[in-house]
Amino acid sequence: MSDTVIQFSDLALNSAVLSALNSMGFVSPTPIQAAAIPFLLEGRDALGKAQTGTGKTAAFSLPLLNKIDLSQHKPQAIIMAPTRELAIQVAAEIKNLGQNITGLKVLEIYGGASIVDQMRSLRSGAHIVVGTPGRVKDLITRERLHLDECHTFVLDEADEMLKMGFVDDVTWIMEQAPESAQRVLFSATMPPMVKTIVDRFLRDPARVDVAGSNQTVAKVEQQFWVVKGVEKDEAMSRLLETEETDASIVFVRTRQDTERLADWLSSRGFKAAALHGDIPQSLRERTVDHIKQGVIDILVATDVVARGLDVPRITHVFNYDIPFDVESYIHRIGRTGRAGRKGKAILLVRTNQLRMLRTIERVTRSSMEEIQLPHRDQVAEARLSLLAAELAAEKENNTVLDKFAELVEKLQASLEMDAATLCAILLKRQQGKRPLFYTGEDPMIAAVERDKQRRRDRRDDRGERSEGGRREFGSRDNADWETYQLQVGRDQGVQVKDIVGALANELGLTKGSIGAIKLAQGHTFVQLPKTMSSEVTGKLRKLRIRQKEVGAVVCDFDDFRESRGRREGGRREGGNRDGGFRGNRDGAPRREGGFRGNREGGSREGGERRFDRNRGGDNRGNYRGERGHSRRSQEA
């Protein structure tokens, strides 16, 4: 779909909505907005296929705000989102778009927050409710959230919502919707589960498809550097000094890493600050204001700010840690290149993460350029150029300089040294922990040579294996995950969706932070990242599912095999009745001789079946075989 040339003023939006758009600097709608808004204003059901970053939140919010009746007490619209972070972001954007609608009440509801407070807010009135399916269903069941005056139901990022196990909750909620209500669904992909929801609940929907090209990705220049030769902290310093940045966001995975890296950068003269979900809201707002005003230039952040942060100064996004999934990557790089501006994203990737990088390229239909880290001499030249520019600016202030010139003469006389020596001493002090020149060999040079040699060796090795007529697949590294045993299972009426929903909404984990799940009669095994913060671990210890304490404890269980049966040696093996959820793990350990079909299109290499769900993170690529040892292909 080509870019539209119409303006918001050409659409049938009321003056309050148009004035808010004008004050925010928005004149022309994005393609998804231009295509969807007219249908939604007519009251038609709609199916929108669009990637994140295309402006779909405003596409369904603007028509909704256009028809809000402020005199009604009960909710008029229910918007469902897969995670509380997205629910918060969507609610914030609706409030922003409706800033000139006096008396508008938008309420976000999700797990992890006080349900009592949410019930109190509903009792006092809310025009629009934005929430996660589990909490929305809970409040409807408790008869605290009433749908009899709801005229609009929106499913945002429906594919992600259903992947996370909310299909039953979403179906139940949609069954409660008034027959006359407008139903709107947005999704980046259309898997069978989403099509089922569409066919069942949407009535002759208007179809809008702008998923062919991702506008967020298209306007951001993407590069990656393979970690080698130097530590990632040093790599970040070199990139920040040699790239022509205004303001930047550096994305890391954990709260501890935001604070550690921000402190490290600050100690080396960068104007950096940490930003994560555990920081009080007032401090988060002040930090964002500081980067907007130029008080700081670098935010070291977790994914919690990847959704909703819009700072015009941000020219660069650095992915210090590779994200767990493609959606998170798109949200991250969408913080730059906004409102028609160009941006740049650089990813630091380890060699065992290159498969995830290729998955990102494939899903986003983009190509990243591999770059080499600047050598130390280049960094020193950049520092010297910056110093020269700063000194040139100070040169014009002659009144102040006259006094310092007199001070130089006094110091020369008292210290008995010439001006050149004095200047050299002052420059040495000025450099601090960021040297203006280096001595000794740069470890990057040796690393590049070692990398070239390894590539030559791998090419030779592949040739030898090819001649041998067989190919071996490497083992999986499971070091990033910890297995927890939860003391709830089928006997307590728990289902996999309950586990996923509780971990996502009560602990704030993204889908990429939930590994394999195996549900048994009286307990459940689940894999969670070893990098979880102490706060999240504390919440896990207090977690309740279906009103039962889970009593989570670390264990050494690792048998997360698929529950489906398979044939070996002409015999059908029974499936594992305890079953399991593969979560975000792209491969399952398998016994030799068996293979699993690829539901989304597979390929064979060297006689073996491989698959890819376009999801995963560290050490999450296509299926690579047994976890504990190398898996050999069957010989004829």
Side-chain angles (χ1 to χ4, degrees), residues 32 36-37 39-50 56-69 72-84 86-87 89-91 93-94 97-98 104-110 118 122 125-162 164 166-188 190 193-208 501:
I32 186 68
I37 288 175
F39 291 125
L40 297 182
L41 288 172
E42 292 174 7
R44 288 189 60 181
D45 289 3
L47 170 62
K49 188 176 180 184
K56 55 187 171 58
T57 302
F60 62 73
S61 298
L62 292 172
L64 179 58
L65 291 168
N66 207 60
K67 61 181 178 179
I68 284 293
D69 183 353
Q72 284 188 211
H73 184 73
K74 294 179 183 178
Q76 297 165 53
I78 304 293
I79 301 170
M80 285 179 280
T83 66
R84 63 177 170 183
L86 183 57
Q89 176 208 332
V90 170
E93 187 161 347
I94 293 174
L97 293 169
L104 175 69
K105 292 184 179 180
V106 181
L107 175 65
E108 51 267 42
I109 57 175
Y110 47 83
Q118 292 172 359
L122 285 169
H127 300 109
I128 300 172
V129 171
V130 185
T132 52
R135 184 53 63 92
V136 169
K137 180 183 178 182
D138 194 356
L139 289 167
I140 294 173
T141 304
R142 293 172 186 243
E143 297 185 354
R144 296 296 190 273
L145 176 57
H146 302 284
L147 305 183
D148 50 302
E149 293 184 5
C150 277
H151 54 60
T152 306
F153 285 76
V154 179
L155 302 183
D156 191 15
E157 297 197 5
D159 50 352
E160 295 300 321
M161 196 152 25
L162 302 182
M164 294 179 68
F166 289 123
V167 61
D168 292 339
D169 290 342
V170 169
T171 301
W172 186 88
I173 294 166
M174 296 300 288
E175 287 172 347
Q176 316 307 311
E179 185 64 28
S180 60
Q182 182 181 29
R183 295 92 185 268
V184 181
L185 185 149
F186 280 91
S187 185
M190 288 292 157
M193 284 190 299
V194 174
K195 290 180 180 177
T196 299
I197 296 290
V198 170
D199 294 341
R200 181 174 177 185
F201 294 108
L202 272 64
R203 300 151 303 191
D204 186 27
R207 296 176 182 264
V208 179

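With a 4.5 Å cut-off on side-chain heavy atoms, Val167 and Met161 do not count as touching. Using a 4.5 Å heavy-atom cutoff, the side chains of Thr132 and Thr83 are not in contact.
Between the Gln76 side chain and the Glu149 main chain, no donor and acceptor come within less than 3.5 Å of each other. Formation of a donor-acceptor pair under 3.5 Å by the His127 side chain with backbone atoms of Lys105 is found in this model. Side chain of Ser187 to main chain of Met190: no donor-acceptor pair is present (N/O by atom type, distance under 3.5 Å, no hydrogens or angles).
Of the inter-residue distances, the one linking Trp172 atom CH2 with Lys137 atom NZ reads 6.5 Å to the nearest 0.5 angstrom. Distance CZ/Phe60 to CG/Leu65: 10.0 Å, rounded to 0.5 Å. Remark: Ile79 CD1 to Thr57 OG1 distance equals 8.5 Å, nearest 0.5 Å. With rounding to the nearest 0.5 angstrom, the CG atom of Asp148 is 12.5 Å from the CD atom of Gln176. Considering CD1 of Ile109 and CE of Met80, their distance stands at 10.0 Å, rounded to 0.5 Å. The CD1 atom of Ile197 sits 12.0 Å away from atom CG of Leu47, with the distance rounded to the nearest 0.5 Å.
Closest approach of Cys150 and Ala77 over heavy atoms only: SG-N, 4.1 Å. Between Arg135 and Tyr110, the closest heavy-atom pair is NH1-O, 3.2 Å. Residues Gln118 and Leu139 approach most closely at OE1-CD1, 4.1 Å, considering heavy atoms. Between Ile32 and Ala59 the shortest heavy-atom distance is O-CB, 4.2 Å. Heavy atoms only, all atoms of each residue included: Pro133 and Val170 are closest at CG-CG2, 4.0 Å. Between Ala46 and Leu40 the shortest heavy-atom distance is CB-CD2, 3.5 Å.
Residues satisfying the side-chain hydrogen bond (donor to acceptor under 3.5 Å, both in side chains) criterion with Arg142, sequence neighbours excluded, are Asp138. For Glu143, the salt bridge (Lys or Arg N to Asp or Glu O under 4.0 Å) test picks out no residue, with sequence neighbours left out.
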Test side chain to side chain contact (heavy atoms under 4.5 Å, CB included) applied to Phe186 and Leu155, step by step = CA-CA 6 Å; Phe186 280 91; Leu155 302 183; over 6 Å; no

Could you go through the side chain to side chain contact (heavy atoms under 4.5 Å, CB included) check for Lys56 and Asp156 one step at a time?
-> CA-CA 9 Å; Lys56 55 187 171 58; Asp156 191 15; 3.0 Å; yes

Given side chain to side chain contact (heavy atoms under 4.5 Å, CB included), test Ile94 with Val90 step by step and report yes or no.
-> CA-CA 6 Å; Ile94 293 174; Val90 170; 3.9 Å; yes

Would you sort out whether Leu185 and Met174 count as a side chain to side chain contact (heavy atoms under 4.5 Å, CB included), showing the intermediate values?
-> CA-CA 12 Å; Leu185 185 149; Met174 296 300 288; over 6 Å; no

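Ion pairing between Arg200 and Glu175 holds under the 4.0 Å rule for side-chain N and carboxylate O.
Screening Leu107, Leu147, Leu145, Thr152 against Pro75 for a side chain to side chain contact (heavy atoms under 4.5 Å, CB included) leaves a single residue, Leu145. Test Val130, Val154, Val129, Ile140 against Ile78 for side chain to side chain contact (heavy atoms under 4.5 Å, CB included) and you get one pass: Val129. Checked against Asp45 for a side chain to side chain donor-acceptor pair (under 3.5 Å), the options Gln182, Arg183, Arg203 give a single hit: Arg203.
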